[in-house]
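Start at 1 with the first residue, then count along the sequence.
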Amino acid sequence: MTFPAWLAAIVLFLQLPIPLYWFVVHPGARFWRRYPRAVYLVGLVCSWLPVTIALVAFRRKLFLPRWPSIPAFVVGSALIALELWVFWRVQRDLGAARLVGKTEISGTGEIERSGLYGKVRHPRYTASLLAIVGACLLAGTGRAWTVAAVWLVLMAIVLSLEEREMRRRFGQSYVDYCRQVPRFIPLPRGSGTADNQPPGR
């Protein structure tokens, strides 16, 4: 595998398991509050393990054996670099524990309104999508784009689960936050594009 293919594989390894992990956490949040340590192990086994096996098994179909075009390499690398910066900012704003679902499991926490979360409600998920698009540009195969499309559908379901759970926790204050902050794209205040859906990562 070429360097771009390895880079794409690493990005997919880090990003693709995210919706699978949250499928474990969100639907059973109340159940996992009785087993707060077990949820992380189960979540990791049910998400990163199958993704790792799939990436190894289908690596020849997912990644080109040659370098992508220069524009694809430049744009793909830039998108991945942008995701790294967003992840650093989000980790600084939320902390590592909240990124892996501590507040969902404990049923506590508060709405984050500072940093990137004062501009968009889902900066982490938006950045993950950018990284996956970057990885697809580096991978250079149609199958990689198919995987990205499936990931996008799964993430849409995860967002629905997350929003439902967060609405239960925060109620009207959550709705007020949604009216003030757009979901994915930062826009000028007063643009009227923020909706009444609950925010997420």
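Between Y117 and V90 the shortest side-chain heavy-atom distance falls below 4.5 Å. In this structure, the side chains of L14 and F87 stay at 4.5 Å or more apart for every pair of heavy atoms. In this structure the side chain of T126 never reaches within 4.5 angstrom of the side chain of V120, judged on heavy atoms. Side-chain atoms of I18 and Y21, non-hydrogen and from C-beta on, never get closer than 4.5 Å to each other. Within the 4.5 Å cutoff, no side-chain heavy atoms of F63 are placed close to those of W6.
For the atom pair Y35 OH and L41 CG, the distance stands at 14.5 Å (nearest 0.5 Å). Note that CG of L12 and CG of L7 are 9.5 Å apart. Values are rounded to the nearest 0.5 Å. Atom CG of L154 is separated from atom CG of L159 by 11.0 Å, given to the nearest 0.5 angstrom.
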Derivation of the side-chain contact (heavy atoms from CB on, under 4.5 Å) call for L137 and F73: CA-CA 7 Å; L137 290 172; F73 178 75; over 6 Å; no
Pair V147-L16, side-chain contact (heavy atoms from CB on, under 4.5 Å): steps then yes or no: CA-CA 9 Å; V147 170; L16 292 180; 3.8 Å; yes
Residue pair D176, Q180: steps toward the side chain to side chain donor-acceptor pair (under 3.5 Å) verdict: CA-CA 7 Å; D176 294 339; Q180 300 167 2; over 6 Å; no
Chi angles and distances behind the side-chain contact (heavy atoms from CB on, under 4.5 Å) call for F23, L161: CA-CA 8 Å; F23 279 139; L161 295 173; 3.8 Å; yes
Derivation of the side-chain contact (heavy atoms from CB on, under 4.5 Å) call for L138 and S77: CA-CA 8 Å; L138 297 184; S77 299; 4.2 Å; yes
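Closest heavy-atom contact between A127 and E83: O-CG, 3.0 Å. Nearest heavy atoms, V86 versus P123: CG1-O, 3.5 Å. Across every non-hydrogen atom of T141 and L62, the tightest pair is OG1-O, 2.6 Å. The two residues G134 and I80 come nearest to each other via the heavy atoms C-CD1, 4.2 Å. Of all heavy-atom pairs between P27 and W22, the closest is CD-O, 3.5 Å. Closest approach of V11 to A135, counting heavy atoms only: CG1-CB, 3.8 Å.
Linking ILVMFWY side-chain heavy atoms closer than 4.5 Å, directly or via other members, places W145 and M155 in a single hydrophobic cluster. V133 and L84 sit in two unconnected hydrophobic clusters of ILVMFWY residues. Membership requires side-chain heavy atoms under 4.5 Å apart, directly or through other members. Grouping the Ile, Leu, Val, Met, Phe, Trp and Tyr side chains by contacts below 4.5 angstrom, directly or via other members, places I10 apart from L64. Linking Ile, Leu, Val, Met, Phe, Trp and Tyr whenever their side-chain heavy atoms come within less than 4.5 Å leaves V150 and L49 in two separate clusters. Using a 4.5 Å cut-off between side-chain heavy atoms of Ile, Leu, Val, Met, Phe, Trp and Tyr, with links allowed through other members, I53 and V42 fall into different hydrophobic clusters.
S160 places no side-chain N or O within donor-acceptor distance of the main-chain N or O of A156, the cut-off being under 3.5 Å. Between the W151 side chain and the Q15 main chain, a donor and an acceptor come within less than 3.5 Å of each other.
Ring pair Y177/Y174 is parallel by interplanar angle, where below 30° counts as parallel and above 60° as perpendicular. Ring-plane geometry between W48 and F13 is classed as perpendicular, the angle between the planes exceeding 60 degrees on a 0 to 90 degree scale with a lower cut at 30.
The environment of CZ in F58 is sparse: at most 12 heavy-atom neighbours from other residues, nucleotides or ligands sit within 6.0 Å. R143 CZ: 12 or fewer foreign heavy atoms inside a 6.0 Å radius. When the shell of 6.0 Å around CZ of R113 is examined, it contains more than 12 heavy atoms from other residues, nucleotides or ligands.
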